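Presented below is the structure to which this report refers.
Since the model is a prediction, treat every value here as computed from it, not as a measurement.
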Amino acid sequence: MSGLDASSVVAPAPAPRRGCCCACASVLWKVVKALLHVATVFTGFVLIVPTIVESFAARIALQSVSFSVIACLYIYTSSDREGRIISGAFLGVLALVIVTAAPSVASKGEMAPVIVMLVCNLIALLVYCIWKISALVQACLRRLRARGKAPAAAADPEAPLATMLKPEVAASTAPVQVQQTTFHIEDLPRKFSYDEIRAVTGDFGTVVGRGGSAEVFRGLLDDGTAVAVKRITSYKPVGEEEFLREISIVANVHQRSLVRLLGYCLVQGVPVPVPGTTRGQYLVYPFFENGSLDWWLFNGEDRRRLLPWPTRRRIAADVARALAYLHHECHRQILHLDIKPANILLDGGFRAHVSDFGISMSIAQDLTSVDTCGRGTPGYMAPEIWFSSLSTKSDVYSYGMTLLEIVGGRRGYEQARRDPSETPDFFARVVREKMARGELMELVDATMAPVDEGEVEALVRVALCCVQHQRELRPSMLTVVEMLEGRIAADLPPESRPSPGAKFT
């Protein structure tokens, strides 16, 4: 289910402040909606006042217009089909009361039918106000509860990573403790109806990405929150029972550097949509205006300059902590199986968030029964994945290849793709040889200049530890985090196979 690159989930941003612009636009939209609601409701109250006009016919016409305005309020502000059905039924009952009661009371005076219509309109307006105010209060309470569950350590999400230490002094330096900001979500994510998904996405009007296993649409919730709605289109569909099981697992996994699941939709009996249809399985995620890491790394020097060395080092640490959490701190171990820059999203502060986790692969006990042959992306896949030999070390390998691309500002797989005789680990072999000759800085992205060569070398050492051909030689992600924080040195193990000479261009 994770075959879509996360770059498809988001719209790329030309500047690092676009996350702020999105937030401002969201607030503005909320204000405009609130003002429109207040103005419409006020207009409804004014229209139903019977003293505005004098004649009986005009008063009846005015009450009829008022009822029509109120009906539009109910119907067009309902976010789903169920809400519209309930609204229609309620309005139908009121209309039936007006049609039957107004003529029967006409003998009691000219104003009697007008009063019947006035009372019905007042009831409709008051119920509408109570409905909307109740929904607003519930939304505020949910947000307050969510904030109350977050630990105090999350109060400063922009706290920088401890300065990376050179290998020769790492062991002798006092460890820097970095608080892990994790918490669990007690409730399941919101279950959307299919009509709600259509409403959120504007009937699937804005496609922001398309991959081999999913399509992604930009959407907007009722409160103005921008979301990305992923429609699963894989030709190897996951059954409904397994889909819901994975959802329940992901719902109780949350860490600052993991993209959280906001909700889902499952159309019963349709596990995967036929190409060209719009039904099946849907996932709802936050929308990241700053896009994915690969959009910044592989699309020109101007974009790479906006990722200076401290930012890239912090991104590397964020991703490492997220993977360590998935591998070692979850109640049920989760393997990502497709770590790469395209699946690393950046928020407004350029903090990294790992996407497409959990729905990739949750593991209970038996790894041998899971068919993972060929899962992932060439250039980032650990060698053992081709043989369905799966473990947390597979993600470690992918993370190491991603680190090398973060430092080099280029795709590590391009040379191997151009030359069929080369292996996917070509870039890693070239980096090791350059480091041995003291020429590592030749491979470092020049747009980051100036950088501390010792810090760069420390990060590259971590990467090379991660991309060992034999998975037993790779460190765990917990060890990787300790290496990045300078608590232990990154000692390179011997290569698992000979490294033939090569030139990187």
Side-chain angles (χ1 to χ4, degrees), residues 1-13 208-216 227-234 246 250 253-262 283-299 307 312 314-327 330 334-347 350-362 372 374-382 385 390 392 394-406 409-413 424 463 466-467 477 480:
M1 297 173 61
S2 63
L4 178 69
D5 292 350
S7 57
S8 310
V9 179
V10 291
V208 295
R210 181 176 286 110
S213 63
E215 293 177 307
V216 180
V227 294
V229 178
K230 175 188 287 189
R231 180 168 68 200
I232 307 301
T233 59
S234 173
E246 295 286 355
V250 176
V253 173
H254 197 89
Q255 197 263 357
R256 186 182 68 191
S257 298
L258 294 172
V259 176
R260 60 194 178 96
L261 180 66
L262 299 179
L283 302 172
V284 182
Y285 294 104
F287 188 89
F288 287 82
E289 287 289 343
N290 269 340
S292 59
L293 179 59
D294 72 330
W295 190 85
W296 296 90
L297 285 179
F298 309 136
N299 288 281
L307 293 179
R312 300 194 196 193
R314 189 174 59 191
I315 289 171
D318 287 340
V319 177
R321 295 189 187 113
L323 289 175
Y325 176 84
L326 293 176
H327 291 177
C330 285
I334 294 176
L335 308 187
H336 192 288
L337 301 182
D338 200 18
I339 288 294
K340 56 184 176 181
N343 280 339
I344 300 171
L345 308 184
L346 303 178
D347 62 20
F350 281 87
R351 298 304 298 259
H353 300 262
V354 176
S355 69
D356 279 350
F357 70 94
I359 305 299
S360 298
M361 181 66 61
S362 63
T372 60
R375 287 189 67 159
T377 302
Y380 304 94
M381 295 166 56
I385 289 185
L390 189 64
T392 58
S394 304
D395 282 345
V396 174
Y397 182 94
S398 301
Y399 174 78
M401 296 302 296
T402 300
L403 278 190
L404 294 178
E405 294 186 337
I406 290 175
R410 69 192 83 182
R411 295 189 187 275
Y413 189 53
C466 294
V467 297
M477 287 309 304
V480 168

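- Considering T402, L337, I339 in turn, T402 is the only one that fulfils the side chain to side chain contact (heavy atoms under 4.5 Å, CB included) rule with Y380.
- Shown here are the side chain to side chain contact (heavy atoms under 4.5 Å, CB included) partners of A320, two or more places apart in sequence or in another chain: Y399, M477, V480, V481, L484.
- In this structure, S398 contributes its side chain and D338 its backbone to no donor-acceptor pair below 3.5 Å.
- Atoms OG1 and CG, on T392 and L335 in that order, are 7.0 Å from each other to the nearest 0.5 Å.
- Annotation: side chain to side chain contact (heavy atoms under 4.5 Å, CB included) contacts of A352 (sequence neighbours excluded): I315, D318, V319, I344, L346.
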Check your understanding: Step by step, would you call R321 with Y325 a side-chain contact (heavy atoms from CB on, under 4.5 Å)?
Key -> CA-CA 6 Å; R321 295 189 187 113; Y325 176 84; over 6 Å; no

Check your understanding: Does the side-chain contact (heavy atoms from CB on, under 4.5 Å) test come out yes or no for L261 and Y285, once each step is laid out?
Key -> CA-CA 5 Å; L261 180 66; Y285 294 104; 3.7 Å; yes

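- You'll find the side chain of R411 stays beyond 4.5 Å of the side chain of L297, heavy atoms only.
- With rounding to the nearest 0.5 Å, the separation of CZ in F287 from CG in L345 is 10.0 Å.
- Of all non-hydrogen atoms in S292 and A342, the two that sit nearest each other are CB-O, 3.6 Å.
- In this structure, P286 and V259 have side chains that are in contact, with non-hydrogen atoms separated by less than 4.5 Å.
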Exercise for review: Could you please spell out the steps behind the side-chain contact (heavy atoms from CB on, under 4.5 Å) verdict for D347 and N290?
Suggested key: CA-CA 6 Å; D347 62 20; N290 269 340; 5.8 Å; no

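- In plain terms, the two heavy atoms of E405 and F298 that are nearest each other are OE1-CZ, 3.5 Å.
- For the atom pair CE (M381) and OG (S394), the distance works out to 9.5 Å, reported to the nearest 0.5 Å.
- Between H353 and F288, the two ring planes are tilted [angle within 30° to 60°].
- Counting only distance, with no hydrogens or angles, the side chain of R312 and the backbone of L307 share a donor-acceptor pair below 3.5 Å.
- A distance of 11.0 Å separates CG of L323 from CD1 of I334, quoted to the nearest 0.5 Å.
- Within the 3.5 Å criterion, the main-chain N or O of S355 finds no donor-acceptor partner in the side chain of N343.
- A donor-acceptor contact shorter than 3.5 Å is absent between the side chain of E215 and the backbone of R231.
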Review point. Hey, mind stepping through L293 and I406 against side-chain contact (heavy atoms from CB on, under 4.5 Å) and telling me if it holds?
Key: CA-CA 9 Å; L293 179 59; I406 290 175; 3.9 Å; yes

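- Across all their heavy atoms, C466 and G400 have their closest contact at CB-CA, 3.6 Å.
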